[in-house]
There are 2 protein chains.
Amino acid sequence: MLNNIRVVLSHTTHPGNIGAAARAMKTMGLAHLYLINPQRFPDRQAEAMAAGADDVLQNAVICSSLDEALHGAVLVAGMSARVRDISQEVFAPRVAMSTIMEQAAAHPVALLFGTEMSGLTNDEMARCQFMVCIPANPEYSSLNLAAAVQLMGYELRLAAVKGAVEPGKRAAPELVPAPAEQVERYFKHLEDTLTEIGFLRDKQSTKLMYKLRRLYARARLEQEEVNILRGILTLTTQYHTKLKQKSE
Amino acid sequence: MLNNIRVVLSHTTHPGNIGAAARAMKTMGLAHLYLINPQRFPDRQAEAMAAGADDVLQNAVICSSLDEALHGAVLVAGMSARVRDISQEVFAPRVAMSTIMEQAAAHPVALLFGTEMSGLTNDEMARCQFMVCIPANPEYSSLNLAAAVQLMGYELRLAAVKGAVEPGKRAAPELVPAPAEQVERYFKHLEDTLTEIGFLRDKQSTKLMYKLRRLYARARLEQEEVNILRGILTLTTQYHTKLKQKSE
């Protein structure tokens, strides 16, 4: 299961943190590191901090976009240092583990970490199905990036080991969420259609799209559902186009 | 309870690790750092790595002996990177927490960390009531010192702060699902609209509606979302009517 987990670090400023994160990952049995536009990489400081986890660094996938880093992931969990004024659901690591491990049993899952200074951007958060917030001192919640990776890796390892020990309690029909790029295509389709029918048209639009994203993020759309929803959108547009042509 | 916990670092080699440990401590609400003969301290690297936890560094107690560092502690738990051939009992952090917190409710408790390279000496281990071993990748169990402090601090915080583990709700905007009748009105509206645009038209319809219901049921729609979704439907219908009139 741990092999289906990828750690995605977005726009990391300090190469030392990348190395330390790689080390933290390896100690917990995680191997897949994705870097979105790191400020400096490869770098000697990263190698120094990685210690014996140089293989994790060497196999790191450097991406130029979020899409690239999330390609194929059926679940994206974003890390948040504090509970901000965001629309997503927020869970403590231990609570998030059941959902994460359930998916990671069969599909790629991404843990998305923002920059050291400011965390995830709104656009990055919008791509997450939910946020994970590490319980911390409210007066000083600034965990080092690699420390956050370490804690998440630790919880993942405990969850993975426990899952192997305890017979799984299979609840409800199993949900197989669609990969990130499929969900993203739906949102694009939705936005286009809502613009065409005149629902999105001003500054409110972005906010509305965030709200719609939040709704569907909670549901974690399956591929068939994406197809149904896009089918509705396609028909809406086709119908419009037909009517438009008639009326012209 | 966290106020009764002291983190004791013995003969630490790299001052950066002392700083990073201080930061890790503060993020988890730990304040008492004891240093037994640190190789270099105070040090600029320690300060740099401590970030906003400079107060923990400044209040650090420098000791010249183990006795001094453990003075007053009713319980000493030693950290071990791996289960060695030692006589002490070894617990995973989560298992050790109950004993540690029980004592820390009223008395000073020490967590003893050895050097980066070789961990605790035999003499140091002999002073511990039990050892704590962080579950790690058996092929690479070399956690950074500050990372180990971070993990222990995290477990201590979860154990000490009620509600820190459970959240799910320790979270941002609480989800308030819309009442059933509102959701039902949405489904009726959806069905009507989908019929109008020609998406629902045969025996498949019931099945499709069932699938759409399942999707939105998972999301547990809030009232605002019901309003947004119904707004989209209303606009779709209005738009269609306009186009129809044009085309007639």
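Because only heavy atoms are used, hydrogens play no part in the values below, and waters and symmetry mates are left out as well, while side chains stay in. Every chain is numbered from 1 and lettered A, B, ... according to where its sequence line falls, protein lines coming before strand lines. Just so it is clear, the structure is predicted and the values come from calculations on it, not from any experiment.
- Between A:Lys211 and B:Glu224 a salt bridge is recorded (basic side-chain N to carboxylate O distance below 4.0 Å).
- Between A:Arg214 and B:Glu225 a salt bridge is recorded (basic side-chain N to carboxylate O distance below 4.0 Å).
- Contacts of B:Ala147 with chain A are made by both backbone and side-chain atoms, with heavy-atom separations under 4.5 Å.
- More than 12 heavy atoms of other residues, nucleotides or ligands lie within 6.0 Å of CZ in B:Arg94, so this atom counts as buried by the packing criterion.
- Heavy atoms closer than 4.5 Å to chain A are found in both the backbone and the side chain of B:Leu215.
- Using modelled atom types, one side-chain atom of B:Arg23 and one backbone atom of A:Ser142 make a donor-acceptor pair closer than 3.5 Å.
- Looking at A:Leu221, both its backbone and its side chain come within 4.5 Å of chain B, counting heavy atoms on both sides.
- The side-chain heavy atoms of A:Leu229 and B:Leu212, taken from C-beta on, include a pair separated by under 4.5 Å.
- Looking at B:Ala20, there are no atoms closer than 4.5 Å to chain A (heavy atoms on both sides), in backbone or side chain.
- The backbone N or O of B:Ala219 sits nowhere less than 3.5 Å from a side-chain atom of A:Arg220 that would complete a donor-acceptor pair.
- When all heavy atoms of B:Tyr140 and A:Ala51 are compared, the pair lying nearest together is OH-CB, 3.6 Å.
- Neither the backbone nor the side chain of A:Ala146 comes within contact range of chain B; no heavy atom of the residue lies under 4.5 Å from a heavy atom of that chain.
- Neither the backbone nor the side chain of B:Ala148 comes within contact range of chain A; no heavy atom of the residue lies under 4.5 Å from a heavy atom of that chain.
- For CD of A:Glu139, the number of neighbouring non-hydrogen atoms (other residues, nucleotides, ligands) closer than 6.0 Å is 12 at most.
- The CD1 atom of B:Ile232 sits 10.0 Å away from the OG1 atom of A:Thr236 when rounded to the nearest 0.5 Å.
- Looking at B:Leu30, neither its backbone nor its side chain comes within 4.5 Å of chain A, counting heavy atoms on both sides.
- Looking at every heavy atom in both residues, A:Pro138 comes nearest to B:Arg157 through CD-NH2, 3.3 Å.
- By the 4.5 Å heavy-atom criterion applied to side chains, B:Thr27 and A:Ser141 are not counted as neighbours.
- For A:Phe130, no part lies near chain B; criterion is any non-hydrogen pair under 4.5 Å.
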(request) Evaluate the side chain to side chain donor-acceptor pair (under 3.5 Å) criterion for residues A:Tyr154 and B:Glu155: first the C-alpha distance (whole Å), next the side-chain angles of each, then the deciding distance (0.1 Å), finally the verdict. (result) CA-CA 11 Å; A:Tyr154 169 71; B:Glu155 285 287 2; 2.6 Å; yes

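- Contacts between A:Ile228 and chain B at a heavy-atom distance below 4.5 Å involve backbone atoms as well as side-chain atoms.
- A donor-acceptor pair under 3.5 Å is absent between the side-chain atoms of B:Asn137 and the main chain of A:Met28, judged by distance alone.
- Considering only heavy-atom pairs separated by less than 4.5 Å from chain A, the leading option among B:Asn144, B:Thr234, B:Ile134, B:Thr193 is B:Asn144.
- Between A:Pro135 and B:Val161 the shortest side-chain heavy-atom distance does not fall below 4.5 Å.
- Neither the backbone nor the side chain of A:Leu2 comes within less than 4.5 Å of any heavy atom in chain B.
- Ranked by heavy-atom pairs shorter than 4.5 Å toward chain A, the options B:Gly52, B:Gly29, B:Ala92 are led by B:Gly52.
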